[in-house]
Amino acid sequence: MEKMLEGKACLVTGAGRGIGKAAALLFAKEGGKIVLNDVDPVEVEDTQEEIRRAGGQALSVAGDVTAEGVPEKIVQTAVDAFGPNIDVIANIAGYTWDGMIHKMDDRQWDAILKVHLTAPFRIIRAAAPYIRENARAEKEAGKRIMRKIINVSSVFHAGNRSSNLHGDAK
Ligand SMILES: NC(=O)c1ccc[n+]([C@@H]2O[C@H](COP(=O)([O-])OP(=O)(O)OC[C@H]3O[C@@H](n4cnc5c(N)ncnc54)[C@H](O)[C@@H]3O)[C@@H](O)[C@H]2O)c1
């Protein structure tokens with residue numbers, strides 16, 4: 001049976017463990033060529049080794065997605081290794097640092113926005129010129145190739161505990 005992601009270049013952040021790692025392993029099993037990222041260099045290297053041992057293709061870029069230059073490095077690594085075509089971007093790096101709204105400080109708010117919104121924006125922005133150019137060429141050639149961007153976050157980041165404002169807050 002044909003693999004779903006045969007030859008497709010995929011970027012996966014937060015690939016050191018949890019959902020990001022599971023996604024990276026699945027994408028690789030389906031034939032994807034993966035650039036893995038995680039802030040934890042040991043864990044992301046483990047994911048890379050696991051994919052390679054299973055016969056897949058993976059490279060890792062260790063680093064904090066919110067740090068200067070890391071989003072661009074992830075994209076550039078994919079382009080250098082796999083060519084100027086990026087098919088899947090899975091922004092999965094993240095964490096929860098939630099609390100009742102009246103107890104959340106600006107540091108928590110800013111950190112969550114950075115990891116769940118700013119970093120994905122920067123990765124997509126860095127990839128956009130390649131995606132646009134390829135999509136234009138494909139359109140001219142009468143081809144339609146679907147690419148995917150997956151942004152994973154959590155409802156807990158949206159201050160859903162603000163319901164506590166209405167009475168049950170401690
Ligand atoms: N597990 C759940 O039930 C659940 C539910 C809803 C949403 N989510 C969201 O899904 C995402 C993944 O969750 P998980 O359960 O797999 O978490 P996890 O903690 O198991 O894995 C997250 C990975 O992201 C990495 N990471 C964190 N901050 C990073 C950064 N700044 N730069 C690069 N890597 C970073 C961590 O090192 C870790 O390897 C998170 O965004 C989380 O908020 C999880």
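Whatever order the structure lists ligands and atoms in, that order sets their numbers, starting from 1. The first residue in the sequence is number 1, and the count goes up from there.
- Taking 4.5 Å as the limit, every side-chain heavy atom of F82 sits out of range of all side-chain heavy atoms of T77.
- Looking at V39 against ligand 1, both its backbone and its side chain come within 4.0 Å, counting heavy atoms.
- Ligand-side atoms of ligand 1 in range of V115: 31 (N), range being under 4.0 angstrom from any heavy atom.
- Residue H116 touches ligand 1 through its side chain alone, judged by heavy-atom distances below 4.0 Å.
- With no hydrogens or angles considered, no side-chain donor-acceptor pair links E138 and N134 at under 3.5 Å.
- Close approach to S153 involves these atoms of ligand 1, each under 4.0 Å from a residue heavy atom: 6 (C), 7 (C), 8 (N), 9 (C).
- If you take CG on N91 and CZ on R122, they are separated by 12.5 Å, rounding to the nearest 0.5 Å.
- Residue contact check for ligand 1: A119 places no non-hydrogen atom closer than 4.0 Å to it.
- Two residues are said to be in side-chain contact when any heavy atoms from C-beta on lie closer than 4.5 Å; I74 and V65 meet this criterion.
- Residue contact annotation: N37 has a non-hydrogen atom under 4.0 Å from ligand 1.
- Close contacts between ligand 1 and G14 involve ligand atoms 23 (C), 24 (O), 25 (C) [criterion: under 4.0 Å to a heavy atom].
- Among the atoms of D40, none of the N or O lies under 3.5 angstrom from an N or O of ligand 1.
- Backbone and side-chain nitrogen or oxygen atoms of D38 are examined, and one is located within less than 3.5 angstrom of a nitrogen or oxygen of ligand 1.
- Residues N37 and I123 are not in side-chain contact: their nearest non-hydrogen atoms beyond the backbone lie 4.5 Å or more apart.
- For ligand 1, the polar-atom distance check against R17 finds a nitrogen or oxygen pair separated by under 3.5 Å.
- Closest to atom 32 (N) of ligand 1 by heavy atom, among I74, I92, T13, V65, is V65.
- With hydrogens and angles disregarded, a donor-acceptor distance shorter than 3.5 Å links the side chain of D87 to the backbone of A9.
- With respect to L11, the side chain to side chain contact (heavy atoms under 4.5 Å, CB included) criterion is satisfied by exactly one of V75, V61, V88: V75.
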